[in-house]
Amino acid sequence: MTSTPTTKPDTRQQILRAALDWVDEAGLTRISMGALAKRARLARATLYQHFTGKDALVEAVVSSELEKFYSRIHAYADPIADNDERLAAGFAYAYAYLREHRALQRVLAMSPALILPYIHGESPQIQEGRRFFLREIRRDEYRDDADVEAMADFFVRQLHSLLLTPLPPVEGLVDGPDHRGPSSANVEAGRRYAQTFVIPARAQFVR
């Protein structure tokens, strides 16, 4: 029988934050359960109550960050009424968010091969990306006979391609000290890409 963690409800999040900070600083390959327990100021046994090992911990970090990622894309793009503009804005924000995610960029810089299982073939992450896209579609946005799953797949794979081969930031855009979220320079780069490639691809699916 699997035991249920008896620690505080926020202990899991404490562990995930400590793991993410570690990856941000040193990459993914150097992380260890014993050192992470010390970093999170928890007993090693407590850590293992929540995660059976490093692989389970890494999967949990990825899931937690993706949940945050999708939530922020939705919050950014959903208020936009025009469907084309909303798609371009969502793509742009998603691109810039990934481009500026420090832990992700650290792993890409130090050990990019570790990212490939998440963005290759039919990985759970690609499938979740498609599901997110399909959830965001508004009623009557696409033709009844449109293969919207193909559009969702195109959207996700374009983002993954740019993750490995990023766009240059748009010059001349400088954010003020109170700016929050991804930089305008990267958002604008993603938006221009979406308008050039993603929106024209969408045109064959809409009413």
Side-chain angles (χ1 to χ4, degrees), residues 20 23-24 27-29 58-59 61-78 80 82-137 141-142 146-173 175 181-206:
L20 189 65
V23 175
D24 181 16
L28 191 58
T29 57
V58 170
E59 289 297 323
V61 170
V62 171
S63 295
S64 176
E65 289 303 294
L66 282 176
E67 182 179 350
K68 185 189 306 180
F69 171 61
Y70 291 129
S71 175
R72 292 184 180 181
I73 298 171
H74 175 82
Y76 183 83
D78 189 61
I80 300 173
D82 182 85
N83 288 327
D84 280 348
E85 290 183 10
R86 183 166 55 94
L87 179 61
F91 186 94
Y93 185 92
Y95 164 74
Y97 186 95
L98 293 174
R99 183 76 181 91
E100 298 178 18
H101 191 287
R102 291 173 53 181
L104 173 61
Q105 293 303 319
R106 175 71 72 176
V107 175
L108 281 170
M110 298 182 67
S111 45
L114 296 178
I115 297 294
L116 294 181
Y118 297 98
I119 61 174
H120 179 71
E122 288 296 313
S123 71
Q125 290 74 33
I126 285 181
Q127 294 178 42
E128 179 56 29
R130 290 197 201 105
R131 287 193 292 269
F132 171 76
F133 182 92
L134 294 172
R135 288 196 302 270
E136 294 296 299
I137 290 175
E141 184 176 347
Y142 290 85
D147 187 354
V148 291
E149 291 192 5
M151 184 62 201
D153 186 69
F154 175 79
F155 183 94
V156 171
R157 292 186 188 279
Q158 289 296 299
L159 278 176
H160 288 171
S161 175
L162 293 179
L163 180 62
L164 300 176
T165 55
L167 303 165
V170 175
E171 296 182 359
L173 297 178
D175 295 314
S183 68
S184 297
N186 278 323
V187 170
E188 180 62 16
R191 186 185 68 81
R192 293 183 183 184
Y193 184 95
Q195 289 179 327
T196 303
F197 298 105
V198 180
I199 298 304
R202 177 183 180 275
Q204 63 183 304
F205 296 96
V206 298

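Numbers here simply count residues along the sequence, with the first being 1.
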Euclidean distance, Phe205 CZ relative to Phe154 CZ, rounded to 0.5 Å: 8.5 Å
Verdict with reasoning, Leu66 to Phe69, per side chain to side chain contact (heavy atoms under 4.5 Å, CB included): CA-CA 5 Å; Leu66 282 176; Phe69 171 61; 4.1 Å; yes
Glu65 vs Leu104 side-chain heavy atoms within contact, under 4.5 Å: no
Asp24 backbone acceptor or donor facing Arg106 side chain under 3.5 Å: yes
Side-chain donor or acceptor of Gln158 paired with backbone N/O of Asp153 under 3.5 Å: no
Donor-acceptor pair, side chain of Glu122 and main chain of Gln127, under 3.5 angstrom: no
Tyr97 side chain reached by Lys68 side chain, heavy atoms, under 4.5 Å: yes
Donor-acceptor contact present, side-chain Ser161 to main-chain Arg157, <3.5 Å: no
Donor-acceptor contact below 3.5 Å, side chain Arg72 vs main chain Tyr93: no
Glu149 atom CD: more than 12 heavy-atom contacts under 6.0 Å: no
Any donor-acceptor pair under 3.5 Å from Gln195 side chain to Ala88 backbone: no
Side chain proximity check, Phe155 to Leu87, heavy atoms < 4.5 angstrom: yes
Of Glu59, Gln125, His160, the residue whose pairing with Tyr118 passes side-chain hydrogen bond (donor to acceptor under 3.5 Å, both in side chains): Glu59
